[in-house]
K.L.:
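So that we are looking at the same thing, I have put the structure below in structure tokens.
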Amino acid sequence: QVQLVESGGGLVQPGGSLRLSCAVSGVSLDYYVIGWFRQAPGKEREGVSCISSVGDRSHYAESVKGRFTISRDNAENAVYLQMNNLKPDDTAVYYCAANFGAWCRGVSSDGMDYWGKGTLVTVSS
């Protein structure tokens, strides 16, 4: 059974940093694209970032470019999202998702097969 578990969320002040983790079990991460998505209260879910199966290509939403960095450690079956210079607009539940394949479709959620339950990030002073 494939499971994705996010962790690392919390309350942070504007300008602060957080590192989210996505632990994957039940499959070898070598064959899966991993994406990060978020949903703010009252808003639609949006794509944040995506990384190819071997980590050689990544994609970012315009709103997070230059502030967020996605990375992965296939040996540890984990994917990370380093978030710097956080803003109140980054407040959301963050989800990771997996798609069998080598390449991302940008930051689209199309084709994502498995989803975690999310971790809450709150950016507030």
Side-chain angles (χ1 to χ4, degrees):
Q1 184 178 0
V2 181
Q3 285 192 317
L4 289 81
V5 179
E6 303 91 341
S7 61
L11 173 63
V12 63
Q13 292 187 341
S17 297
L18 283 175
R19 188 193 195 207
L20 304 184
S21 298
C22 175
V24 183
S25 60
V27 293
S28 170
L29 210 53
D30 291 346
Y31 305 106
Y32 285 81
V33 158
I34 300 292
W36 283 98
F37 302 86
R38 67 186 181 186
Q39 188 165 19
K43 294 187 178 180
E44 304 235 334
R45 184 179 63 199
E46 62 173 341
V48 174
S49 184
C50 184
I51 189 166
S52 61
S53 61
V54 296
D56 57 344
R57 291 190 185 178
S58 56
H59 303 262
Y60 297 93
E62 285 297 324
S63 58
V64 306
K65 275 184 182 177
R67 300 188 298 122
F68 290 12
T69 303
I70 192 170
S71 62
R72 63 192 294 155
D73 185 340
N74 285 3
E76 295 293 325
N77 259 31
V79 177
Y80 308 99
L81 186 68
Q82 178 68 42
M83 307 187 296
N84 297 329
N85 190 21
L86 282 159
K87 304 176 181 181
D89 282 351
D90 296 318
T91 295
V93 177
Y94 284 71
Y95 303 88
C96 61
N99 179 27
F100 183 79
W103 307 113
C104 297
R105 302 175 188 180
V107 295
S108 171
S109 61
D110 289 351
M112 288 295 173
D113 301 309
Y114 306 102
W115 291 81
K117 294 183 178 180
T119 185
L120 176 63
V121 172
T122 303
V123 185
S124 175
S125 54

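Excluded from the calculations below are hydrogen atoms, water molecules and symmetry mates; all remaining heavy atoms, backbone and side chain alike, are included.
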K.L.:
Please check this pair: side chain of D73 against backbone of A78, looking for a donor-acceptor N/O pair closer than 3.5 Å.
P.N.:
no
K.L.:
Please answer whether the main-chain N or O of S53 pairs with a side-chain N or O of R72 as donor and acceptor at a distance below 3.5 Å.
P.N.:
yes
K.L.:
Given side chains that start at C-beta, do those of V79 and L4 come closer than 4.5 Å, heavy atoms only?
P.N.:
no
K.L.:
Can you name the closest pair of heavy atoms from I34 and V24 and give their distance?
P.N.:
CD1-CG2, 4.4 Å
K.L.:
Check for a donor-acceptor pair, side chain of E6 on one end and backbone N or O of G118 on the other, with a separation under 3.5 Å.
P.N.:
yes
K.L.:
Please name the pair of heavy atoms, one in L81 and one in S49, separated by the smallest distance, quoted to 0.1 Å.
P.N.:
CD1-CB, 4.2 Å
K.L.:
Mind listing the closest non-hydrogen atom pair of C50 and V33 along with its distance?
P.N.:
SG-CG1, 3.2 Å
K.L.:
Is there a side-chain contact between R38 and S63 (heavy atoms, below 4.5 Å)?
P.N.:
yes
K.L.:
In terms of hydrophobic clusters joined by side-chain contacts under 4.5 Å, are Y80 and V64 together?
P.N.:
no
K.L.:
When F37 is tested against each of Y95, Y94, W115 for ring pair (Phe, Tyr, Trp, His ring centres under 6.0 Å), which residue passes?
P.N.:
W115
K.L.:
What side-chain donor-acceptor pairs closer than 3.5 Å can you find for residues 101-113, not counting sequence neighbours?
P.N.:
from	atom 1	to	atom 2	distance (Å)
S108	OG	D110	N	3.0
S108	OG	D110	OD2	3.4
D113	OD2	F100	N	3.1

K.L.:
Ignoring hydrogens, what is the shortest heavy-atom contact between S124 and P14? Give both atom names and the distance.
P.N.:
C-CD, 3.6 Å
K.L.:
So, does Q39 use its side chain to make a donor-acceptor pair with the main chain of A92 at under 3.5 Å?
P.N.:
no
K.L.:
Is it the case that one hydrophobic cluster holds both Y31 and Y114, taking links as side-chain heavy atoms less than 4.5 Å apart, direct or via other members?
P.N.:
yes
K.L.:
Is the shortest side-chain heavy-atom distance between R67 and M83 below 4.5 Å?
P.N.:
no
K.L.:
Please determine which of L20, T91, L11 meets the side-chain contact (heavy atoms from CB on, under 4.5 Å) test together with V121.
P.N.:
L20
K.L.:
With a 4.5 Å cut-off on side-chain heavy atoms, are I51 and W36 touching?
P.N.:
no
K.L.:
To the nearest 0.5 angstrom, please state how far the OG atom of S7 sits from the CZ atom of R19.
P.N.:
9.5 Å
K.L.:
To the nearest 0.5 Å, tell me how far T122 OG1 sits from D90 CG.
P.N.:
11.0 Å
K.L.:
Do Y60 side-chain atoms and I70 backbone N/O form a donor-acceptor pair below 3.5 Å?
P.N.:
yes
K.L.:
Does V12 reach the side chain of S17, with side-chain heavy atoms less than 4.5 Å apart?
P.N.:
no
K.L.:
How many angstroms lie between atom CD of E44 and atom CD of E46, to the nearest 0.5 angstrom?
P.N.:
10.5 Å
K.L.:
Check whether any side-chain heavy atom of V48 sits under 4.5 Å from a side-chain heavy atom of F68, and report yes or no.
P.N.:
yes
